[in-house]
Amino acid sequence: MSNSKQAVPDTLPLLRDRIDSIDSQIQSLINERARCAQKVAEVKLAEQGDEAVVFYRPEREAQVLRRVMERNEGPLGNEEMAKVFRQIMSSCLALEKPMRIAFLGPEGTFTQQAALKHFGKSIISAPMAAIDEVFREVESGAANYGVVPVENSTEGVVNHTLDSFRDSRLKICGEVEERIHHHLLVSPNINADDVTHIYSHQQSLAQCRAWLDRYWPHVERVAVSSNAEAARLAADAGRSGKAIAAIAGEVACELYGLTKVSANIEDRPDNTTRFLIVGHEYVPQSGKDKTSLLISAKNEPGALYHLLEAFERHGVDMTRLETRPSLMSRWGYIFYIDFVGHYQDEACQVVIEALRSRASEVKVLGSYPVAVL
Ligand SMILES: O=C(O)C(=O)C[C@]1(C(=O)O)C=C[C@@H](O)C=C1
């Protein structure tokens with residue numbers, strides 16, 4: 001391969017010749033990489049057998065992307081470069097085995113956006129109507145992995161997702177964060193002044209509450225199953241001349257051919273949602289991981305204090321604590337705890353053992369690479 005640092009020509013035809021030649025080299029190299037991935041698939045099949053074989057390796061993907069960012073010298077930015085490699089790996093994985101990814105649908109949701117960000121575009125999309133359907137689709141093996149929202153920086157936790165882990169055998173094998181921008185949308189034939197109802201998911205309505213109170217105080221807000229569904233309903237209503245607006249994101253706006261009345265109406269400009277990837281396997285260490293636990297506490301004084309004390313004592317950094325009512329006993333609680341590290345790290349194992357002696361149940365929901373993109 002020619003030296004990439006050689007002098008750059010300065011006429012348009014020469015520059016384009018140069019780009020053509022570089023493209024051809026990049027293309028050969030991408031195909032060489034793809035052939036390696038095909039070989040990896042053969043080795044995995046030989047080693048693990050048809051049934052148990054795991055093609056998708058989140059820890060390896062995170063390491064590849066981190067390395068891309070570390071060695072990047074520009075002028076392309078680190079994230080931009082990582083996105084290119086994200087898609088190359090997505091194509092390589094699809095050659096090994098196309099992945100069917102269930103997500104909270106319909107088409108156009110932020111969860112779909114998150115799925116594409118995490119897995120790249122070479123996946124088979126399986127939109128589901130509800131969070132527990134995503135879990136069921138993966139549990140049954142109909143989908144390889146699922147993507148569900150778990151918390152939002154403005155509105156807090158998504159209870160349906162946390163509650164789904166109670167009775168599920170699925171593991172968390174990844175996380176992804178998305179900046180969420182909401183827009184007020186109508187069908188192109190509708191005059192915004194005529195709008196009688198605003199549809200959106202209850203979380204999106206909440207994330208735009210102050211803006212709605214200020215600019216649309218007298219219009220009825222209607223919570224529907226997702227903001228993409230709201231966009232679909234607004235588009236449908238528009239066809240019969242009904243003035244219904246939706247609050248949804250860019251993907252849904254484009255998908256349903258709506259017009260923006262107002263853009264970026266979320267109350268907090270740093271509004272971010274975190275999503276989880278769920279699958280069947282525990283993920284090996286990537287070098288920079290997080291762990292999520294589900295803990296049923298004993299119903300006794302100081303129960304939570306004793307749990308938290310274990311983290312402090314062993315120097316493990318707890319990043320999140322959520323409480324949900326236990327369905328087993330009145331006034332019993334389930335705690336969801338995230339911490340920095342992998343359940344196979346020595347310090348984490350010590351903490352988990354300590355928790356097991358202090359709680360009635362400790363379930364490791366998963367250890368997974370900290371989001372790279
Ligand atoms: O290293 C592997 O196990 C591969 O399958 C290769 C590869 C890649 O393209 O780099 C593809 C898919 C996996 O999810 C991780 C990495």
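Remember, it's 1-based here, ligands and their atoms both numbered in the order they're listed. Heavy atoms only: backbone and side chains are in, while hydrogens, waters and symmetry mates are out.
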**Student:** Determine yes or no for a side-chain-to-main-chain donor-acceptor pair under 3.5 angstrom, with Arg324 supplying the side chain and Asp163 the backbone.
**Tutor:**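 Looks like no, no N/O pair under 3.5 Å.
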
**Student:** Counting each atom of ligand 1 from 1 as listed, which ones have a heavy atom of Val40 under 4.0 Å away?
**Tutor:**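 With Val40 as reference, the close atoms of ligand 1 come out as 2 (C), 3 (O), 4 (C), 5 (O).
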
**Student:** Are Val176 and Ile131 linked, directly or through other ILVMFWY residues, by side chains that come within less than 4.5 angstrom of each other?
**Tutor:**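 The answer is no; the residues belong to distinct hydrophobic clusters.
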
**Student:** Below 4.0 Å from ligand 1: does a non-hydrogen atom of Val64 turn up there or not?
**Tutor:**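 No, Val64 has no heavy atom closer than 4.0 Å to ligand 1.
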
**Student:** Got the closest protein heavy atom to atom 15 (C) of ligand 1, with its distance?
**Tutor:**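 Nearest neighbour among protein heavy atoms for atom 15 (C) of ligand 1, to 0.1 Å: Glu61 CG, 3.6 Å.
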
**Student:** Ignoring hydrogens, just give me the one of Arg60, Lys97, Glu96, Met89 whose non-hydrogen atom is nearest atom 6 (C) of ligand 1.
**Tutor:**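 Answer by nearest heavy atom: Glu96.
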
**Student:** If you count the atoms of ligand 1 from 1 in the order shown, which ones are under 4.0 Å from a heavy atom of Tyr56?
**Tutor:**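 Those of ligand 1 that fall under 4.0 Å from Tyr56 are 14 (O).
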
**Student:** Less than 4.0 Å between a side-chain N and a carboxylate O, is that true for Glu177 and Lys117?
**Tutor:**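 No, this pair does not count.
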
**Student:** Taking Arg356 first and then Glu353, would you say they form a salt bridge - that is, a charged N and a carboxylate O separated by under 4.0 Å?
**Tutor:**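 Here Arg356 pairs with Glu353 in a salt bridge, since their nearest N and O are under 4.0 Å apart.
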
**Student:** Please identify which atoms of ligand 1 are closer than 4.0 Å to at least one heavy atom of Phe55.
**Tutor:**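 Counting from 1, the qualifying ligand atoms are 5 (O), 13 (C), 14 (O).
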
**Student:** Check each atom of ligand 1 against the heavy atoms of Cys92 and keep those under 4.0 Å away; list them by number with element.
**Tutor:**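 In order of numbering, the contacting atoms are 9 (O).
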
**Student:** Can we say Arg67 and Glu70 salt-bridge, meaning some charged N sits less than 4.0 Å from an Asp/Glu carboxylate O?
**Tutor:**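 Salt bridge between Arg67 and Glu70, a charged N being under 4.0 Å from a carboxylate O: no.
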
**Student:** What atoms of ligand 1 come closer than 4.0 angstrom to any heavy atom of Lys44?
**Tutor:**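 By the 4.0 Å cutoff, the relevant atoms are 2 (C), 3 (O), 4 (C), 5 (O).
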
**Student:** What's the shortest distance from atom 9 (O) of ligand 1 to any protein heavy atom, and which residue and atom give it?
**Tutor:**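 For this ligand atom, the closest protein heavy atom is Arg33 NH1, 2.8 Å.
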
**Student:** Run the side chain to side chain donor-acceptor pair (under 3.5 Å) test on Gln285 and Asp345 for me, step by step, so that the C-alpha distance in whole Å, both residues' side-chain angles and the decisive distance to 0.1 Å come before the verdict.
**Tutor:** CA-CA 8 Å; Gln285 286 148 310; Asp345 297 347; 2.8 Å; yes

**Student:** Just which atoms of ligand 1 are under 4.0 Å from any heavy atom in Leu93?
**Tutor:**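 Per the distance check, 12 (C).
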
**Student:** Where do Thr196 and Glu220 land on the side chain to side chain contact (heavy atoms under 4.5 Å, CB included) test, with the steps shown first?
**Tutor:** CA-CA 7 Å; Thr196 55; Glu220 192 177 333; over 6 Å; no

